[in-house]
Trainee: 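Here it is, the structure in full.
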Number of protein chains: 2
Amino acid sequence: MPKNESPSQAIRLNEEHVAENMTRTREEHATELAEDYVEAIADLIDEHREARVTDLARLFAVTPATVNNTIARLQKAGLVTSEKYRSIFLTNSGRELAEQCKARHETVYRFLLSLGLSHKIASRDTEGIEHHCSPETLRAFKKLADEAGSS
Amino acid sequence: MPKNESPSQAIRLNEEHVAENMTRTREEHATELAEDYVEAIADLIDEHREARVTDLARLFAVTPATVNNTIARLQKAGLVTSEKYRSIFLTNSGRELAEQCKARHETVYRFLLSLGLSHKIASRDTEGIEHHCSPETLRAFKKLADEAGSS
DNA sequence: CAATATTTTTAGCACATGCTAACTTGACAT
DNA sequence: ATGTCAAGTTAGCATGTGCTAAAAATATTG
Ligand SMILES: [Mn+2]
Ligand SMILES: [Mn+2]
Ligand SMILES: [Mn+2]
Ligand SMILES: [Mn+2]
């Protein structure tokens with residue numbers, strides 16, 4: 001029945017772009033947990049010298065079994081090293097990723113603060129938003145956060 | 001070995017908040033695909049009178065089998081109606097959600113544009129960011145986008 | 001109408017991410 | 001040294017989200 005009638009220029013669904021964007025967002029989600037883990041592990045090591053399964057379980061509000069499972073994947077991905085009953089460490093690759101993620105997290109957080117949002121809200125939304133910012137967007141965020149910071 | 005030494009006030013891991021934020025982000029991810037689907041279905045119906053499996057598969061860059069699977073879940077969730085070999089429609093609840101999501105999508109997109117980002121980048125990043133904006137953040141985005149819009 | 005092409009569905013698979021329950025290991029206090 | 005408790009592991013399960021390949025239904029076209 002629908003042949004091509006009603007151009008209906010209201011929404012303009014650019015199908016090519018939508019498909020690209022969806023694919024990109026899926027890719028971001030695939031790396032999201034890994035990013036949060038290496039970031040948390042780096043933070044824990046900074047604060048307590050070591051990152052243990054229990055610490056991560058508390059931080060992420062999941063069970064130790066889930067942490068174990070995830071750590072096994074991260075190890076396979078070459079981001080962490082882990083021996084049984086020992087605490088978890090980052091590989092060089094993991095440390096590098098953690099650094100990038102911490103910087104990115106910081107940028108997004110400061111940007112949201114600069115919009116006048118509360119620490120609580122900014123910190124909450126940062127946790128999700130950080131994984132979906134392209135380098136261009138991140139640059140824009142950083143610029144504005146820096147400008148607002150020099151108040 | 002680690003007892004409580006080195007306050008190391010560099011990062012300040014507020015464990016309570018981190019756990020809360022992670023839980024929240026997980027919840028957002030659980031509804032993300034549903035939101036994008038109802039939005040896409042609404043757009044397709046606006047443009048073509050109907051939303052078919054193939055259309056959605058093209059839009060999301062997945063296989064028709066995947067769309068079928070997802071539609072079954074959405075139906076169980078009461079967001080769409082679907083009969084075999086027929087096109088897909090929104091329930092009232094689905095239409096309502098689609099409206100909200102479209103408004104939110106629009107707000108985030110206009111906000112990113114107002115930062116000087118290209119349409120391409122803004123549209124890409126919006127697709128992920130939109131699902132992680134609290135009402136407060138959304139209000140801030142809208143305010144700034146509106147201000148910039150009146151140029 | 002009949003042949004063909006497209007669309008939709010189904011079955012069966014895989015992997016990520018979560019859980020609980022049971023078991024093992026390690027740490028620590030008496 | 002031993003007994004207890006916390007921490008870590010494992011097995012087994014569920015759900016979400018993707019895939020391919022094959023079958024069934026529908027649409028198009030000669
Ligand atoms: Mn995060
Ligand atoms: Mn996300
Ligand atoms: Mn959207
Ligand atoms: Mn989206």
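Residue numbers start from 1 in every chain, and the chains themselves are labelled A, B, ... in the order their sequence lines are given, proteins ahead of strands.
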Trainee: Separation of A/Glu32 atom CD from D/dT17 atom P, in whole Å?
Mentor: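 About 13 Å, once rounded to whole Å.
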Trainee: Need one value for B/Arg73: base, sugar-phosphate or nothing, where a base atom within 4.0 Å counts as base even if backbone is also close, heavy atoms only.
Mentor: base
Trainee: In whole angstroms, how far is the C1' atom of C/dG26 from the CD atom of A/Glu83?
Mentor: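 In whole Å, C/dG26 C1' and A/Glu83 CD are 15 Å from each other.
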Trainee: Using 4.0 Å as the upper bound for N to carboxylate O, is an ion pair formed by B/Asp125 and B/Lys120?
Mentor: no
Trainee: Separation of B/Asp36 atom CG from D/dT17 atom C1', in whole Å?
Mentor: 14 Å
Trainee: In sequence, state the C-alpha distance, the side-chain angles, and the governing distance for A/His29 and A/His131, and then conclude on ring pair (Phe, Tyr, Trp, His ring centres under 6.0 Å).
Mentor: CA-CA 8 Å; A/His29 280 157; A/His131 308 281; 8.5 Å; no
Trainee: Is any side-chain N or O of B/Asn68 closer than 4.0 Å to OP1 or OP2 of C/dT8?
Mentor: no
Trainee: Which whole-number value in Å describes the distance from A/Leu33 CG to C/dC15 P?
Mentor: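 Atom CG in A/Leu33 sits about 18 Å away from atom P in C/dC15.
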Trainee: Within the structure, does a side-chain N or O atom of B/Thr66 lie under 4.0 Å from either OP1 or OP2 of D/dT17?
Mentor: no
Trainee: Rounded to the nearest angstrom, tell me the gap between atom CD in A/Glu27 and atom C1' in C/dA16.
Mentor: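 Going from A/Glu27 (CD) to C/dA16 (C1'), I get 16 Å.
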Trainee: Please confirm whether the shortest side-chain N or O distance from A/Lys84 to OP1 or OP2 of D/dA7 is below 4.0 Å.
Mentor: no
Trainee: In this structure, how many angstroms lie between the P atom of C/dT6 and the CZ atom of B/Arg52, rounded?
Mentor: 13 Å
Trainee: How about B/Arg95 and B/Asn92: does a side-chain donor come under 3.5 Å of a side-chain acceptor?
Mentor: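 Side-chain D/A pair, B/Arg95 to B/Asn92: present.
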Trainee: Mapping A/Pro64 and A/Tyr85 to their closest nucleotides on DNA chain C, which lands nearer the 5' end?
Mentor: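 In this pair, the answer is A/Pro64.
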Trainee: Report the distance from atom CD1 of A/Ile71 to atom P of D/dT9, rounded to the nearest whole Å.
Mentor: 10 Å
Trainee: Kindly say whether the aromatic ring centers of B/His132 and A/His132 come within a distance under 6.0 Å.
Mentor: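 When the ring centroids of B/His132 and A/His132 are compared, they turn out to be within the sub-6.0 Å range.
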Trainee: What's the CG-C1' distance between A/Asn69 and C/dT20, to the nearest Å?
Mentor: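 Nearest whole value for this atom pair: 14 Å.
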Trainee: Compare side-chain N and O positions of B/Thr63 against OP1 and OP2 of D/dC19 and report whether any pair is under 4.0 Å apart.
Mentor: yes
Trainee: If you pin A/Arg86 and A/Arg26 to their nearest nucleotides in DNA chain D, which one's is more 5'?
Mentor: A/Arg86
Trainee: In terms of the nearest nucleotide of DNA chain C, which residue is placed more toward the 5' end: B/Ala65 or B/Arg58?
Mentor: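 Upstream on the strand: B/Arg58.
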Trainee: Is it the case that over 12 heavy atoms from other parts of the model lie below 6.0 angstrom from the CD atom of A/Glu15?
Mentor: yes
